[in-house]
*Asks:* 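Before I ask anything, let me first share the structure, which is written out below as structure tokens.
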Amino acid sequence: MPIAPDVAARHLAEIAYHLRQLEEPYRARAFDRAALAVNGERDLEGLVARGRLTSIDGVGEGIAKVLAALIEQDSSPYLAELRERAGVDVDGTVALGMEGYQGDLHSHTTWSDGKASMREMAEAAKARGYSYLGITDHSARMPTVHGLGADRLRAQAEEIAKTERAVPGIRLLRGIEVDINEDGSLDLPDDALGELDVVIASPHVGLRMDPRAMTDRMLRAVSHPAVDVIGHPTGRRLGRRPGARYDFERVFGLAAERGVALELDCSPERTDLSPELARMAAELGCRFTLDSDAHSPREFGFVSVQLWCPQLAGLGPERFLNWLTVSELEEVFA
């Protein structure tokens with residue numbers, strides 16, 4: 001059986017991840033672009049037979065050689081080499097596809113730093129077959145992203161309702177990606193957070209705090225009654241910014257106890273949680289979300305190509321909230 005395009009795309013995306021770890025950002029971005037393009041291709045076998053892999057957008061000669069090996073051998077010596085260098089343990093890998101994936105809980109619009117309108121994001125999510133989409137623009141902590149304070153957050157509710165009427169067939173979950181302040185409090189008042197369908201609390205600043213102080217900060221955030229999800233739990237930017245260090249076992253254990261999900265953020269520059277930390281969290285009983293953190297419609301594709309990460313972590317769909325129906329999700333977040 002020839003390798004499926006989505007599986008080939010995930011191999012390319014994993015290669016990009018390891019290249020970022022090796023501080024080769026330009027090559028990593030090239031493999032990321034190729035992964036998204038290959039994921040939408042339907043004739044890989046024919047293209048390799050005709051020597052036409054470079055006709056795929058973003059696939060140059062070097063990536064074409066890697067892709068040809070994947071198609072012809074159903075494996076990649078290059079990926080195997082990168083895994084060996086990184087000490088990746090493939091034992092416990094599970095099969096995980098997009099079948100049954102109900103919706104993405106983490107997306108941004110032009111209300112904050114997104115590049116597309118709410119309607120454009122809703123239409124793109126619907127086109128993917130999603131039954132719901134979380135509208136989770138940033139809170140106001142970082143002015144550079146034009147985040148929402150309580151007043152704008154309430155005003156956004158009107159556009160969410162309007163967009164749902166204009167794009168029937170998809171439920172828009174009213175949410176926020178709220179900053180976790182340095183003391184562990186959240187960057188919005190409790191009454192504003194209490195009105196929302198989904199609250200993702202994320203660390204963005206102050207990531208170099210002493211691990212003990214960072215642990216206290218994260219424990220306080222996990223304990224907040226409005227928090228449903230901890231977004232990209234270390235805040236890392238691969239090749240640019242290391243993630244926060246804290247007592248992951250204590251924080252993840254409390255998240256499991258309180259029913260707060262941990263995010264696997266599929267933005268290639270984050271891949272946060274990592275497979276290793278996701279496996280640890282799963283062993284502690286955590287549930288997860290698998291989200292794109294999309295800032296444009298194209299970035300919804302991050303989830304599919306990054307499935308290699310939860311696969312390596314040994315996580316099946318039963319561990320993720322995204323495979324729940326909207327009514328089941330509402331019960332979890334109630």
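Predicted, not measured: the structure shown is a model, and the values here were computed from it.
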*Asks:* Counting only heavy atoms not in Arg85, do more than 12 sit closer than 6.0 Å to its CZ atom?
*Replies:*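 Count not over threshold, so no.
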
*Asks:* Sequence neighbours left out, what pairs pass ring pair (Phe, Tyr, Trp, His ring centres under 6.0 Å) with at least one residue falling in residues 164-193?
*Replies:*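 Pairs touching residues 164-193 that pass the test: none.
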
*Asks:* Check whether more than 12 heavy atoms from other residues, nucleotides or ligands sit under 6.0 Å from atom CD of Glu195, and answer yes or no.
*Replies:*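 Yes, because the 6.0 Å sphere around CD of Glu195 holds more than 12 heavy atoms from other groups.
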
*Asks:* Would you mind listing every ring pair (Phe, Tyr, Trp, His ring centres under 6.0 Å) that reaches into residues 74-103, with sequence neighbours excluded?
*Replies:*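 Residue pairs passing ring pair (Phe, Tyr, Trp, His ring centres under 6.0 Å), neighbours aside: Tyr101-Tyr130, Tyr101-Trp323.
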
*Asks:* Is it the case that one hydrophobic cluster holds both Val260 and Phe248, taking links as side-chain heavy atoms less than 4.5 Å apart, direct or via other members?
*Replies:*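 Yes, it is one cluster - the side chains of Val260 and Phe248 are joined through contacts under 4.5 Å.
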
*Asks:* Below 4.5 Å, heavy atoms only, C-beta onward: do Leu173 and Val326 meet side chain to side chain?
*Replies:*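 Yes, close enough: below the 4.5 Å cut-off.
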
*Asks:* Checking the side chain of Arg174 only, and the main-chain atoms of Ile135 only, is there a donor and an acceptor separated by less than 3.5 Å?
*Replies:*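 Judged by distance alone, no pair lies under 3.5 Å.
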
*Asks:* So, Asp272 side chain and Gly235 main chain: donor-acceptor pair closer than 3.5 Å or not?
*Replies:*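 Yes, the answer is positive, given that a donor and an acceptor are paired below the 3.5 Å cut-off.
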
*Asks:* Check step by step if side-chain contact (heavy atoms from CB on, under 4.5 Å) holds for His146 and Asp113.
*Replies:* CA-CA 6 Å; His146 194 50; Asp113 62 341; over 6 Å; no

*Asks:* Where does the angle between the aromatic ring planes of Tyr246 and Phe252 fall among parallel (under 30°), tilted (30 to 60°) and perpendicular (over 60°)?
*Replies:*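 Taking Phe252 first and then Tyr246, their aromatic rings stand perpendicular (interplane angle over 60°).
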
*Asks:* Using a strict 4.0 Å threshold on nitrogen-to-oxygen distance, state whether Arg119 and Glu123 make a salt bridge.
*Replies:*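 Salt bridge present between Arg119 and Glu123.
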
*Asks:* Hey, could you give me the CD1/CG distance between Ile3 and Leu44, rounded to the nearest 0.5 Å?
*Replies:*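 Between atom CD1 of Ile3 and atom CG of Leu44 there are 8.5 Å.
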
*Asks:* For Trp308 and His11, what are the C-alpha separation, side-chain angles and deciding distance, and is it a side-chain contact (heavy atoms from CB on, under 4.5 Å)?
*Replies:* CA-CA 7 Å; Trp308 64 267; His11 285 313; over 6 Å; no

*Asks:* Check the pair Asp291, Arg270 against salt bridge (Lys or Arg N to Asp or Glu O under 4.0 Å), reporting the backbone distance first and the verdict last.
*Replies:* CA-CA 11 Å; Asp291 301 320; Arg270 291 193 183 277; over 6 Å; no

*Asks:* Determine yes or no for a side-chain-to-main-chain donor-acceptor pair under 3.5 angstrom, with Gln311 supplying the side chain and Leu96 the backbone.
*Replies:*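 Yes.
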
*Asks:* Using modelled atom types only, decide if a donor and an acceptor are shared between the side chain of Glu159 and the backbone of Ala157 within a distance under 3.5 Å.
*Replies:*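 Checking the backbone N and O of Ala157 against the side chain of Glu159, no donor-acceptor pair under 3.5 Å is found.
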
*Asks:* State the CD1-CD distance between Ile15 and Glu24, to the nearest 0.5 angstrom.
*Replies:*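 One gets 12.0 Å once the value is rounded to the nearest 0.5 Å.
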
*Asks:* Between Leu148 and Ser112, what is the shortest heavy-atom contact and its length?
*Replies:*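 Closest approach of Leu148 to Ser112: CD1-CB, 4.2 Å.
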
*Asks:* So how far is it from Ile63 CD1 to Ile56 CD1, rounded to the nearest 0.5 Å?
*Replies:*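 Result: 10.5 Å between the selected atoms.
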
*Asks:* Linking I/L/V/M/F/W/Y whenever their side-chain heavy atoms sit closer than 4.5 Å, directly or via other members, would Val167 and Phe300 fall into one cluster?
*Replies:*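 Yes; Phe300 is reachable from Val167 via cluster members.
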
*Asks:* Does some side-chain heavy atom of Leu82 sit less than 4.5 Å from a side-chain heavy atom of Tyr17?
*Replies:*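 When only atoms from C-beta onward are counted, Leu82 and Tyr17 do not touch, as no gap falls below 4.5 Å.
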
*Asks:* Between Ser292 and Val303 (side chain of the first, backbone of the second, donor and acceptor by atom type, cut-off under 3.5 Å), is there such a pair?
*Replies:*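 Pair absent, no side-chain N/O of Ser292 close to backbone of Val303.
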
*Asks:* Roughly how far, to the nearest 0.5 Å, is CD of Glu328 from CD of Glu331?
*Replies:*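 Between Glu331 CD and Glu328 CD, I get 7.0 Å after rounding to 0.5 Å.
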
*Asks:* Let me check something: do Ile230 and Phe333 share a hydrophobic cluster, defined by ILVMFWY side-chain heavy atoms less than 4.5 Å apart, either directly or through other members?
*Replies:*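 Unlinked, Ile230 and Phe333 end up in two clusters.
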
*Asks:* Could you point out which residue of Glu263, Arg237, Glu177 forms a side-chain hydrogen bond (donor to acceptor under 3.5 Å, both in side chains) with His232?
*Replies:*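 Testing His232 for a side-chain hydrogen bond (donor to acceptor under 3.5 Å, both in side chains) against Glu263, Arg237, Glu177 leaves exactly one candidate, Glu177.
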
*Asks:* Report the residue from Leu315, Leu262, Leu254, Leu273 that forms a side chain to side chain contact (heavy atoms under 4.5 Å, CB included) with Cys286.
*Replies:*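 Only one option passes, and that is Leu262.
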
*Asks:* Would Ile180 and Leu186 satisfy side-chain contact (heavy atoms from CB on, under 4.5 Å), going step by step from the backbone distance to the final call?
*Replies:* CA-CA 5 Å; Ile180 301 172; Leu186 302 183; 4.2 Å; yes

*Asks:* Using a distance-only test with no angle check, is there a side-chain donor-acceptor pair under 3.5 angstrom linking Ser139 and Asp187?
*Replies:*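 Yes, a side-chain donor-acceptor pair sits under 3.5 Å.
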
*Asks:* Compare every heavy atom of Val94 with every heavy atom of Pro310, then report the nearest pair and how far apart it is.
*Replies:*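 Here Pro310 and Val94 meet closest at O-CG2, 4.3 Å.
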
*Asks:* State, to 0.1 Å, how close Ala116 and Met121 come at their nearest heavy-atom pair, and which atoms those are.
*Replies:*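 Where Ala116 meets Met121 most closely, the heavy atoms are CB-SD, 3.9 Å.
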
*Asks:* Is any side-chain heavy atom of Glu269 closer than 4.5 Å to one of Arg240?
*Replies:*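 Yes. Closest side-chain heavy atoms under 4.5 Å.
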
*Asks:* With distance as the sole test, does His108 use its side chain to make a donor-acceptor pair with the main-chain N or O of Ala294 at under 3.5 Å?
*Replies:*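 The answer is no, because no donor-acceptor pair under 3.5 Å joins these two groups.
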
*Asks:* For the residue pair His204 and His138, categorise the inter-ring angle as parallel (less than 30°), tilted (30 to 60°) or perpendicular (more than 60°).
*Replies:*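 Taking His138 first and then His204, their aromatic rings stand perpendicular (interplane angle over 60°).
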
*Asks:* Would you say Arg10 and Ser304 make side-chain contact, with heavy atoms under 4.5 Å?
*Replies:*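 Result yes, sub-4.5 Å side-chain heavy-atom pair found.
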
*Asks:* For Ser185 and Asp183, does a side-chain donor sit closer than 3.5 Å to a side-chain acceptor?
*Replies:*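 Per modelled atom types, Ser185 and Asp183 side chains form a pair under 3.5 Å.
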
*Asks:* How far apart are the closest heavy atoms of Pro203 and Met214, and which atoms are they?
*Replies:*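 Residues Pro203 and Met214, closest heavy atoms: CB-CE, 4.2 Å.
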
*Asks:* Using atom types as modelled and distance alone, determine if a side-chain donor or acceptor of Arg319 lies under 3.5 Å from a backbone N or O of Gly314.
*Replies:*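 No, Arg319 side chain to Gly314 backbone: no donor-acceptor pair under 3.5 Å.
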
*Asks:* Nearest heavy-atom pair of Pro268 and Asp32: which atoms, and what distance?
*Replies:*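 It is CB-OD2, 3.3 Å.
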
*Asks:* Return the minimal non-hydrogen interatomic distance between Asp137 and Trp111, and the atom names on each side.
*Replies:*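 Closest heavy-atom pair between Asp137 and Trp111: OD2-CB, 3.5 Å.
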
*Asks:* With side chains defined as the heavy atoms from C-beta onward, is the minimum distance between Leu53 and Ile71 less than 4.5 Å?
*Replies:*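 Yes; the side chains approach each other to less than 4.5 Å.
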
*Asks:* Where the side chain of Arg236 meets the backbone of Thr271, is there a donor-acceptor pair that is under 3.5 Å apart?
*Replies:*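 At least one qualifying donor-acceptor pair exists.
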
*Asks:* Is the number of heavy atoms from other residues, nucleotides or ligands within 6.0 Å of CZ (Arg208) greater than 12?
*Replies:*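 No.
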
*Asks:* Quick one: does any side-chain atom of Asn322 pair with a main-chain N or O of Leu290 as donor and acceptor, under 3.5 Å?
*Replies:*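 The answer is yes, because a donor-acceptor pair under 3.5 Å joins these two groups.
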
*Asks:* Determine whether Ile176 and Val199 make a side-chain contact, defined as any pair of heavy atoms from C-beta on separated by less than 4.5 Å.
*Replies:*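 Result yes, sub-4.5 Å side-chain heavy-atom pair found.
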
*Asks:* Please examine the side chains of Leu70 and Val7, heavy atoms only from C-beta on, and report whether any two atoms are closer than 4.5 Å.
*Replies:*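 Not touching, per the 4.5 Å side-chain cut-off.
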
*Asks:* I need the Leu36 CG to Asp57 CG distance, nearest 0.5 Å.
*Replies:*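 That separation rounds to 10.0 Å.
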
*Asks:* With distance as the sole test, does Ser107 use its side chain to make a donor-acceptor pair with the main-chain N or O of Gly134 at under 3.5 Å?
*Replies:*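 Checked: pair present.
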
*Asks:* Flag the pair Thr289 / His106 as yes when at least one side-chain heavy-atom distance between them is below 4.5 Å, and no otherwise.
*Replies:*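 Of all side-chain heavy-atom pairs linking His106 with Thr289, none is under 4.5 Å.
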
*Asks:* May I ask you to say whether Arg220 pairs ionically with Asp216, meaning some side-chain N is under 4.0 Å from a carboxylate O?
*Replies:*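 No, no charged N to carboxylate O under 4.0 Å.
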
